[in-house]
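Per chain, numbering begins at 1; letters A, B, ... match sequence-line order.
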Amino acid sequence: MFSYNFKYELKSLLRSKWLILLTIILLTLVLFAGYSGKKKVNKRVFDIEKANNTVKEQDITVLKVLDSIEKGFVINQNLRSLPTNPMNIGYSYPRVAAMYPLETAFISTGQSDLFTHYVQPKAYGDSFFFNHAEFSSPIQLLFGSFDLAFVIIYILPLIIIAFSYHIFSLEKENGSLKLMASQPISIYKWILQKTMLRFFVLSVIVVLVLTIAFIINNYNFVENLAEYLYFLLLTLTYILFWFTVVLLINIKVNNSAKNAVSLLAIWVFIILIIPAIIAQAANTFYPIPSRTKMITDVRALKDDVSKKQDKILDNFLRDHPEYASNKKQNYSFWHKYLASQDLVEDEVKPLIKSYETQLLKQQQWVKLWQYSSPAIILQQSFNDIAGTSTTHYQEYRTQVAKFSAKWRDFFVPLLYNNEKFSTKLYKQLPTFEYKKPKYTSLLFKASIVLIMSMFFLLITRILFYNKSKKGTIIN
Amino acid sequence: MIITRDLTKKYGDFTALNKLNLKVNEGEIFCLLGANGAGKSTTINLLLNFITPSSGKAFINGLNVTDNARETKAFLTYIPENLMLYPTLTAIENLDYFLGIGGKNFSRKELEFFLHEAGLQQEAFHKRVQFFSKGMRQKVGIALAIAKDANVLLLDEPTSGLDPKSSNEFGELLLKMKKNGVAILMTTHDIFRAKEIGTHIGIMKQGQLKYNFSCNDKSLQEIENLYLETMSLKDNLL
C-alpha cells in the first residue's frame with residue numbers, strides 16, 4: 001500500500017503545482033530571513049571590530065610614547081595624562097570585552113536585540129553593568145525579528161496548515177473517500193501514510209532550503225555540524241508536531257472550512273496566547289523592581305561611600321599593609337576610589353541581587369512552562385544554538401564583571417607602590433575572552449516535541465476508532 | 001453472493017433500516033427502488049461496513065461483513081452515485097492506484113485491457129480524469145470491478161444524471177458482468193432501467209423492504225404503481 005500511496009500522492013502534489021509554489025515561498029522566506037539574521041550579526045561584528053581597531057590604534061600611539069619616555073626623550077604632553085601613570089592606562093585605554101556572535105547567531109536574534117555585545121570596563125565606574133547600548137525598537141520587540149527562528153516557529157505552521165488542512169476532509173467532500181474505503185485497506189493507515197508522506201516531502205524541502213541558507217551564509221559545517229544537526233532535528237520534530245495537529249483536526253472536525261478555522265485558532269493559541277500568558281504570569285508572580293530606581297539607589301549608595309573615603313582608605317591600608325608606604329604619601333583620588341571599591345561592591349550586591357533574583361525567578365518560571373508550547377521550546381532551543389539566549393547574556397555579564405575586577409586589580413599594586421607604567425607592563429594587561437556556556441538538553445527538548453506529536457497521534461487513533469464505530473468517518 | 005438477515009440500523013429513535021432480508025445470487029441483478037430516505041443507501045453502507053448494524057447481519061460470499069470488513073471488500077466493487085477519482089491522475093493511473101493500494105499489481109497492458117473491457121475509449125486512457133464525464137468515470141469504476149475480479153458489485157444510484165446513451169451503455173456493461181456471474185445490488189430511481197436489466201426488484205419504504213419480486217412477474221406499469229404507492233406523501237409522513 002505504501003509504495004502506491006507514495007507514488008500517486010507525490011504525483012498528485014507535483015501536478016497540482018503545490019510543491020513548486022511551496023518551495024518558492026519557503027526558499028524566499030528562508031533566504032530573506034537568513035540574510036536579515038546575518039545582517040544583524042554582521043552589524044555586531046562590525047561594531048566590535050571597530051572598537052577593537054580603536055584600541056589597537058591607541059595601543060600603537062601609547063606604546064610609542066612609552067618607548068620614547070623609556071629611551072629618555074622629552075615628551076610634549078601634559079604630565080597628568082602621561083601613560084606612565086598606571087591609572088591613565090586603566091581609565092583611558094580600556095580593553096574590549098566582547099561577546100562575539102557564534103557562527104549560528106543568524107538563526108535566532110533572541111536576546112541580542114536587548115543586550116550589548118561589547119563593553120570597555122575602565123578602572124573607574126561600573127556603568128557597563130547597567131548599560132543597554134543596543135536597544136531595539138518597541139515594534140520589533142513586540143513581533144520579534146525576521147530571522148530563521150521566526151520563519152520556522154511562526155510561518156512554517158501556517159504553511160503546513162495551508163498545505164494540509166483538508167488532507168482528509170477533501171477526500172470526503174470530493175467523494176473519493178468512499179471509493180477508497182471500499183478497497184480492502186485500513187483507512188486510518190492510508191490517511192496516516194498520506195500525512196506522513198506530506199511531512200516527508202515538506203521536510204525534504206525545508207531541509208534543502210535551510211541548507212541553502214546556511215551555505216549562502218558561509219556556514220562552517222565541519223566545525224559546527226552538531227549545531228546544524230540539532231537545528232534540523234528540532235525543526236523536523238516541530239513540523240511533525242504540526243502535521244499531527246492537522247491530522248487530528250481533520251479526523252475530529254472533518255470539514256475543510258471548519259478545519260482551516262480550527263487550525264488557525266490552534267496556531268494563535270500555541271504560538272501567541274500560551275507564550276503571552278506565561279510572560280504575563282511571570283510578571284505578575286515575580287515582578288521586577290524598577291530598573292531606574294535600582295540605578296538611583298546604587299548612585300546614592302556610592303555617594304555615601306565616597307563621603308567616607310578617607311576613613312575607608314585608612315581601613316584599606318590597615319588590611320593591605322603591603323601598600324602602606326613608610327614615606328609620607330599624598331593619596332590621590334584614585335587611591336581613595338580603588339580602596340572603596342570592595343566596600344561599594346559589598347553594599348551594592350544586595351540591591352542588584354534583589355533585581356537579579358526576580359529576573360532569575362521569571363526565567364525559571366518560563367523554563368518550567370516552556371513545555372506547554374512547542375513554539376516556546378523551539379524558540380529557547382534556537383536561542384541556545386545561536387548563542388543569543390538569556391543564559392548566554394547572563395554568562396557574558398558575569399564574565400565581564402570578573403574581567404572588570406581583574407582590570408582594576410591589575411592597577412592597584414602599581415598605584416600604591418608608586419610604580420610607573422611601562423611597555424613591558426603593557427604586554428601584561430589583562431585581556432578578555434568570552435567563553436560561551438554549553439547548551440544542554442536539546443535532545444531532551446526535541447524528545448518532548450516528539451512525545452507531544454505521539455500524544456496527538458494517539459488521540460487521533462482513538463478518535464478515528466470511535467468515529468468509525470459510530471459510522472461518521474466515511475459518511 | 002449477498003445475504004442480509006434482519007439487518008437493522010437505528011440512529012437513536014429513528015430506524016433507518018428495519019429487519020432487511022434479501023439475497024442476491026451470482027449472476028443476478030437486484031434493483032432496490034424507493035424514495036429518498038427509504039433506506040437504500042443505508043443498506044449499501046452497511047454492506048460496505050461504512051456503518052455498523054444495530055442488529056442483524058450482512059454477508060458477502062458467506063463472510064460476515066462486520067467481522068471481516070477488509071476480507072469482504074476484496075470480493076466487491078462499489079460504485080457510488082458520483083464516482084470521484086483523483087482529478088490530477090489519468091484514468092490508467094487512477095485504476096493502478098486503487099488496485100495497487102488494495103494489493104493488486106497489474107502491468108500497463110493489463111490495465112489498458114480492463115479499461116477497454118469497461119468500454120472507455122482508448123484516447124481517454126492517459127488523460128487526466130478531471131475533464132471526464134460521469135459516464136466515463138463510472139467506466140473506470142467498472143474497470144476496477146473487472147480487474148478485481150469482483151463477484152459482488154454494489155451500485156448506489158449509478159445511472160442518475162447519466163444521459164440516455166451513457167445510461168444504456170452502463171446497463172449493457174452490467175448485463176455483461178451479470179453474465180460473468182457477478183452478484184449485483186443496485187439502488188436506483190430508474191424503474192425503466194431496473195425492469196430492463198434487473199432479475200429482481202425490491203421496493204423500500206421507511207427502512208423496510210415492502211415488495212420483493214422477480215422482474216418477469218410484473219409489468220413496467222405494475223412496478224410503477226407499486227413504486228408510486230410507496231412514495232405517497234401520507235405514508236411517508238407516518
Side-chain angles (χ1 to χ4, degrees), chain A residues 1-21 163 166-198 201 254 256 464-475, chain B residues 9 11 16 41-42 44-54 66 68-90 93-105 128-130 134 137-138 140-141 144-145 148 150 152-156:
Chain A
M1 175 162 94
F2 180 75
S3 61
Y4 277 88
N5 225 352
F6 187 91
K7 182 180 166 186
Y8 286 112
E9 179 68 11
L10 195 62
K11 232 174 204 179
S12 293
L13 286 174
L14 286 169
R15 285 181 186 167
S16 68
K17 307 274 189 296
W18 233 111
L19 283 189
I20 297 162
L21 185 69
F163 184 38
H166 54 8
I167 189 164
F168 187 66
S169 55
L170 189 69
E171 298 273 352
K172 190 176 175 179
E173 285 152 11
N174 276 354
S176 46
L177 180 62
K178 279 197 167 185
L179 192 61
M180 192 52 81
S182 69
Q183 307 308 316
I185 56 164
S186 154
I187 285 294
Y188 179 74
K189 268 190 193 168
W190 168 72
I191 193 62
L192 188 65
Q193 281 182 9
K194 237 170 117 78
T195 312
M196 287 308 121
L197 175 77
R198 288 199 181 194
V201 168
N254 213 353
S256 296
F464 190 92
Y465 178 75
N466 288 340
K467 287 189 113 180
S468 293
K469 271 186 99 179
K470 285 181 191 164
T472 50
I473 279 286
I474 313 294
N475 288 296
Chain B
K9 181 67 190 176
Y11 295 101
S41 295
T42 306
I44 298 274
N45 284 337
L46 284 163
L47 287 166
L48 285 162
N49 199 44
F50 288 172
I51 48 176
T52 46
S54 305
T66 316
N68 308 280
R70 233 178 283 176
E71 289 83 350
T72 53
K73 282 174 188 170
F75 304 128
L76 64 82
T77 295
Y78 165 64
I79 299 178
E81 180 184 354
N82 205 357
L83 188 129
M84 292 308 294
L85 302 161
Y86 290 95
T88 52
L89 300 179
T90 65
E93 285 170 343
N94 265 290
L95 191 60
D96 189 33
Y97 185 24
F98 282 104
L99 288 168
I101 211 156
K104 289 192 181 285
N105 307 324
R128 292 188 192 183
V129 300
Q130 65 198 75
K134 186 180 170 182
R137 289 202 305 273
Q138 272 168 334
V140 178
L144 191 62
K148 274 174 87 173
V152 170
L153 195 55
L154 301 174
L155 308 163
D156 197 0

### Query
chain A heavy atoms under 4.5 Å from D96(B): which part of the residue, side chain, backbone, both or neither?
both

### Query
Would you find a donor on one side and an acceptor on the other, under 3.5 Å apart, between the side chain of T52(B) and the backbone of K469(A)?
yes

### Task
Verify side chain to side chain contact (heavy atoms under 4.5 Å, CB included) between L89(B) and S12(A), making sure each step is shown before the conclusion.
CA-CA 7 Å; L89(B) 300 179; S12(A) 293; 3.8 Å; yes

### Pairwise distance CZ(F98(B)) to CD1(I185(A)) - rounded to 0.5 angstrom
8.5 Å

### Query
Can you tell me if R70(B) uses its side chain to pair, donor with acceptor, with the backbone of P184(A) under 3.5 Å?
no

#### Entry: Side chain, backbone, both or neither of L83(B) within contact of chain A (heavy atoms, under 4.5 Å)
side chain

### Message
At a 4.5 Å cut-off on heavy atoms, which part of S186(A) comes close to chain B: side chain, backbone, both, or neither?
### Response
both

### Backbone of A181(A) reached by a side-chain donor or acceptor of K73(B) within 3.5 Å
yes

### Message
Distance check, rounded to the nearest 0.5 Å: Y78(B) atom OH versus K178(A) atom NZ?
### Response
4.0 Å

### Task
List the steps and the verdict of salt bridge (charged side-chain N to carboxylate O under 4.0 Å, His left out) for R15(A) and E93(B).
CA-CA 13 Å; R15(A) 285 181 186 167; E93(B) 285 170 343; 2.6 Å; yes

### Task
Taking all heavy atoms of L144(B) and all of L179(A), pick out the closest pair and write down the distance.
CD2-CD1, 4.3 Å

### Message
If only side-chain N and O atoms count, and only distance matters, is there a donor-acceptor pair under 3.5 Å linking Y8(A) with N94(B)?
### Response
no

### Query
Out of Q183(A), M180(A), K11(A), which one pairs with Y97(B) under the side-chain contact (heavy atoms from CB on, under 4.5 Å) rule?
M180(A)

### Message
Quick check: under 4.5 Å, non-hydrogen atoms only, which of residues 166-174 of chain A neighbour chain B?
### Response
E171(A), N174(A)

### Query
Looking only at heavy atoms, which two atoms of S182(A) and L76(B) are closest? And how far apart?
O-CD1, 4.2 Å

### Query
Non-hydrogen atoms of chain A under 4.5 Å away: do they reach the side chain of Y86(B), the backbone, both or neither?
side chain

### Summary
Ranked by heavy-atom pairs below 4.5 Å to chain A, first place among I51(B), L154(B), T88(B), D156(B) goes to T88(B)

### Summary
If one checks every heavy atom of N105(B) against chain A at 4.5 Å, the contacting part turns out to be both

